[in-house]
Amino acid sequence: MSGRSDGPSPVEQARRDKLEALRSGGVTPFAYRFVRTHTAAEAVAVSRDGADAPEVALAGRVVGLRSHGKATFAHLADASGRIQLYFRSDHLGHAAYALVPLLDLGDHLGVRGRLFRTRTGEVTVRVGGFELLAKALRPLPLGKSAPRPDGTVAHYSELADPEVRYRQRYADLAVHPERRAVFERRAAITRAIRRFLDDRGFLEVETPILQPQYGGASARPFVTRYHALDADFYLRIADELYLKRLIVGGLERVYEIGKDFRNEGMDRLHNPEFTMLECYQAYADYTDIMELCEALVRRVVREVTGGDVVLARGRPVDLGPPWRRVGYVELLAERSGMDVGRSDRAALAAALRERGLEADASQSRGRLIDQLFGLTVEPHLEGPTLVLDYPIELSPLAKPKRGAPALAERFELYIGGYELANAFSELNDPDDQRARFAAQAALGAAGDDRAQAMDEDYVRALEYGMPPTGGLGLGVDRLTMLVTGERSIRDVVLFPALRPE
RNA sequence: GACCCGGUAGCUCAGCUGGUAGAGCAGCGGACUUUUAAUCCGCAGGUCGUGGGUUCGAUGCCCACCCGGGUCACCA
């Protein structure tokens with residue numbers, strides 16, 4: 001990677017030489033503002049042939065340069081697209097044209113001129129005047145592209161190294177308009193989520209990220225030091241417990257879209273900080289949330305893509321109704337042959353070892369079951385599937401299932417082989433909650449570092465009375481992957497976590 | 001964390017069984033007033049990820065480390 005050495009590279013030196021030449025020619029190479037009349041796309045749209053072709057003022061980055069002696073063609077790109085520029089010595093005047101060779105790919109330029117069409121029909125600005133707005137002292141990896149005979153477009157010398165793309169996202173975005181489009185879509189997704197929930201009477205709230213005690217999920221936290229209080233604080237792993245406190249407080253429908261932080265590994269599906277939607281609805285149970293979840297996902301996908309079909313792992317997945325609803329235990333029996341209701345820890349560990357996993361019977365039953373599920377079931381959940389009724393020991397914040405107390409009223413949404421959402425009928429019996437926390441604390445004492453801890457204040461809140469409530473957590477990054485067809489979470493997070501350079 | 005693959009010019013890549021590196025694009029100089037991967041002529045550009053080792057000689061082989069990607073394991 002460049003940029004760590006002391007001096008400028010020869011290419012950079014050439015640009016600095018031009019910078020000095022411009023300065024000594026009286027040009028200010030870093031301007032203060034430029035008033036434009038059109039974007040590139042607007043200019044192309046309004047262009048007409050003939051004498052009344054409109055005069056435009058455009059600003060953008062130089063992304064192509066073709067010098068022909070006393071004439072030069074260039075392409076200027078802004079957020080809307082690109083447009084061709086035509087500099088002519090006799091049209092611009094000798095003095096102004098003399099500055100054209102001092103331009104480089106990547107420079108920001110403001111241009112004024114009348115639109116015309118070239119012989120090949122491309123809308124082009126006949127530049128009557130231009131201003132350098134910002135000199136690019138470092139060469140951008142601007143690739144080239146050309147149409148192939150089969151109609152597709154061939155790209156040459158594109159920025160391809162994923163490390164550089166993530167570390168220097170500014171360069172990636174500057175050079176790849178299609179990368180910018182992914183993040184525009186991401187914003188459209190969160191807008192659509194907000195619109196959907198606002199329409200249903202949900203209140204958007206913000207709860208602490210910096211917490212004296214973490215909870216609401218089974219995960220290891222990041223720990224930080226709060227000097228004023230001389231105490232360790234945690235970056236939240238979930239919004240859950242705070243949002244349900246608000247339900248106790250009488251905010252009947254609340255949601256939050258925010259960052260959670262989990263001190264776990266990173267891969268295609270996991271970034272240590274990620275964006276989660278959580279919403280809670282009083283007087284609802286998990287069947288209401290199933291309806292809400294389906295409607296939410298389908299509406300977001302439809303608003304952003306215009307259809308019901310998304311790409312998961314490169315394959316199309318139809319999100320049209322109905323979505324499959326199937327029991328967790330049933331699925332596990334179907335795929336693994338194990339009846340988890342009857343299997344003890346030794347049998348579960350043996351089943352895991354059969355499948356090549358290191359497992360031993362000292363792990364908690366819940367954890368063994370969950371591993372077996374992850375191994376045998378998850379990868380097969382291609383189409384949208386609501387997996388229902390999890391073992392209760394995996395779900396310390398969910399109500400027992402009516403008529404089947406070994407299970408919890410909980411579902412997870414799977415699409416494309418990965419988990420997208422998690423929901424339950426929220427446990428609102430404070431004594432039961434206290435007992436569940438105590439059981440978790442015992443697992444923690446036995447060495448499970450993801451076990452949840454007793455939260456006395458949360459139990460106190462429940463003691464004031466929480467109405468029956470349905471809650472949902474949905475991974476916004478993963479939803480974005482689905483909607484954009486991206487295969488890695490790093491391609492939908494602007495600045496994914498990386499090792500320090 | 002384990003395993004596999006990779007790191008060579010600004011970018012994309014080549015480099016045979018070890019003989020101190022090549023191409024295209026970008027850059028620089030020249031020609032060119034409707035080109036569009038512009039073209040043509042010429043030039044320059046590299047601690048071959050880092051540090052050791054083997055060897056007369058290492059980009060290539062061996063070891064360690066750094067960084068990334070993929071797969072698996074755990075988590076959303």
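Bear in mind the structure is a predicted one, so any value in this text is a computation, not a measurement. To find a chain, count down the sequence lines: A is the first, B the second, and so on, and within it residues start at 1.
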Whole-Å gap separating C1' (rA76(B)) and OH (Tyr390(A)): 12 Å
Nucleotide rC67(B), atom C1' - distance to OH of Tyr166(A) in whole Å: 15 Å
Separation of the P atoms in rU54(B) and rU59(B), to the nearest angstrom: 15 Å
Where at least one partner belongs to residues 472-482 of chain A, residue pairs that pass salt bridge (Lys or Arg N to Asp or Glu O under 4.0 Å), sequence neighbours excluded: Arg186(A)-Asp477(A)
side-chain contact (heavy atoms from CB on, under 4.5 Å) partners of Lys135(A), counting only residues at least two apart: Lys18(A), Leu19(A), Leu22(A), Pro29(A), Phe30(A), Asp104(A), Asp107(A), Leu132(A), Leu137(A)
Pair Gln84(A)-Tyr86(A), side chain to side chain donor-acceptor pair (under 3.5 Å): steps then yes or no: CA-CA 7 Å; Gln84(A) 185 166 249; Tyr86(A) 183 44; over 6 Å; no
Stem list, RNA chain B (Watson-Crick or G-U pairing under 3.5 Å, at least 3 consecutive pairs): B:1-7 with B:66-72, B:10-13 with B:22-25, B:27-31 with B:39-43, B:49-53 with B:61-65
Side-chain donor/acceptor contact of His68(A) with base of rA38(B) under 3.5 Å: yes
Distance-only donor-acceptor check, side chains Asp172(A) and Gln168(A), under 3.5 Å: no
Rounded distance in Å between the P positions of rC11(B) and rG49(B): 14 Å
Touch class at under 4.0 angstrom, heavy-atom based, for Glu122(A) against every strand present: base
Tyr390(A) and Glu412(A): side chain donor to acceptor below 3.5 Å: yes
Per Gln84(A) side chain, nearest of listed nucleotides rG68(B), rU34(B), rU35(B): rU35(B)
Rounded interatomic separation in angstrom, taking CG from Leu269(A) and C1' from rC72(B): 13 Å
Comparing Gly265(A) and Ser89(A) on RNA chain B - which has the more 5′ nearest nucleotide: Ser89(A)
Sidechain-backbone polar pair: Glu12(A) side chain, Ser9(A) backbone, donor-acceptor under 3.5 Å: yes
Spacing of the C1' atoms in rG29(B) and rA21(B) (rounded, Å): 25 Å
Sugar-phosphate only, base, or nothing, as touched by Gly69(A) at under 4.0 Å among non-hydrogen atoms: base
Whole-angstrom distance between rA14(B) and rG60(B), as gauged at atom C1': 14 Å
Between P of rU34(B) and NE2 of His75(A), the distance in whole Å: 16 Å
Selection residues 477-501 of chain A - residue pairs positive for ring-ring contact (aromatic ring centres under 6.0 Å, His included), sequence neighbours left out: none
rA37(B) OP1/OP2 closer than 4.0 Å to side-chain N/O of Arg148(A): no
Sugar-phosphate only, base, or nothing, as touched by Arg487(A) at under 4.0 Å among non-hydrogen atoms: nothing
Closest-nucleotide ordering on RNA chain B, the 5'-leading residue of Leu159(A) and Phe73(A): Leu159(A)
Where at least one partner belongs to residues 413-427 of chain A, residue pairs that pass salt bridge (Lys or Arg N to Asp or Glu O under 4.0 Å), sequence neighbours excluded: Lys244(A)-Glu426(A)
Sugar-phosphate, base or nothing in reach of Asn263(A), heavy atoms under 4.0 Å: nothing
Whole-angstrom distance between rA37(B) and rC72(B), as gauged at atom P: 41 Å
Centroid under 5.5 Å and tilt under 30°, Phe274(A) to rA76(B): yes
For Phe233(A), ring pair (Phe, Tyr, Trp, His ring centres under 6.0 Å) partners two or more places apart: Tyr226(A)
P atoms of rG24(B) and rC63(B), separation to the nearest Å: 37 Å
Those residues that, when tested against Lys70(A), pass side-chain contact (heavy atoms from CB on, under 4.5 Å) (two or more places apart): Ser89(A)
Interatomic distance where CD belongs to Gln168(A) and P belongs to rG68(B) [whole Å]: 14 Å
With the criterion being N/O to N/O and under 3.5 Å, what pairs connect the protein with nucleotides 64-66 of chain B, and how long is each?
none

Of the listed nucleotides rG70(B), rU35(B), rA73(B), the one nearest the side chain of Arg119(A): rU35(B)
Between C1' of rA76(B) and CZ of Arg268(A), the distance in whole Å: 13 Å
Spacing between Ile415(A) atom CD1 and rA76(B) atom P, to the nearest angstrom: 17 Å
Minimum-distance nucleotide to Pro162(A) side chain [options: rG68(B), rU33(B), rA76(B)]: rG68(B)
Sugar-phosphate, base or nothing in reach of Ser145(A), heavy atoms under 4.0 Å: sugar-phosphate
rU47(B) and rA38(B), which share atom name C1', separated by this distance in whole Å: 37 Å
Tyr255(A): partners by ring pair (Phe, Tyr, Trp, His ring centres under 6.0 Å), with sequence neighbours left out: none
Quick one: which protein N/O atoms are closer than 3.5 Å to N/O atoms of nucleotides 23-31 of chain B? Pair and distance per line, please.
residue	atom	partner	partner atom	Å
rG24(B)	N2	Ser157(A)	OG	2.8
rC25(B)	O3'	Lys144(A)	NZ	3.0
rA26(B)	OP1	Lys144(A)	NZ	2.6
rC28(B)	OP1	Lys18(A)	NZ	2.3

Whole-Å C1' distance, rU17(B) and rC43(B): 36 Å
Tyr234(A): partners by ring pair (Phe, Tyr, Trp, His ring centres under 6.0 Å), with sequence neighbours left out: Tyr214(A)
Touch class at under 4.0 angstrom, heavy-atom based, for Asn271(A) against every strand present: base
Distance-only donor-acceptor check, side chains Thr484(A) and Arg185(A), under 3.5 Å: no
Heavy-atom donor-acceptor pair, Asp267(A) side-chain to rC74(B) base, under 3.5 Å: yes
Sequence-distant partners of His91(A), ring pair (Phe, Tyr, Trp, His ring centres under 6.0 Å), two or more places apart: none
Atom-to-atom span, CE of Met266(A) to P of rC74(B) - whole angstrom: 19 Å
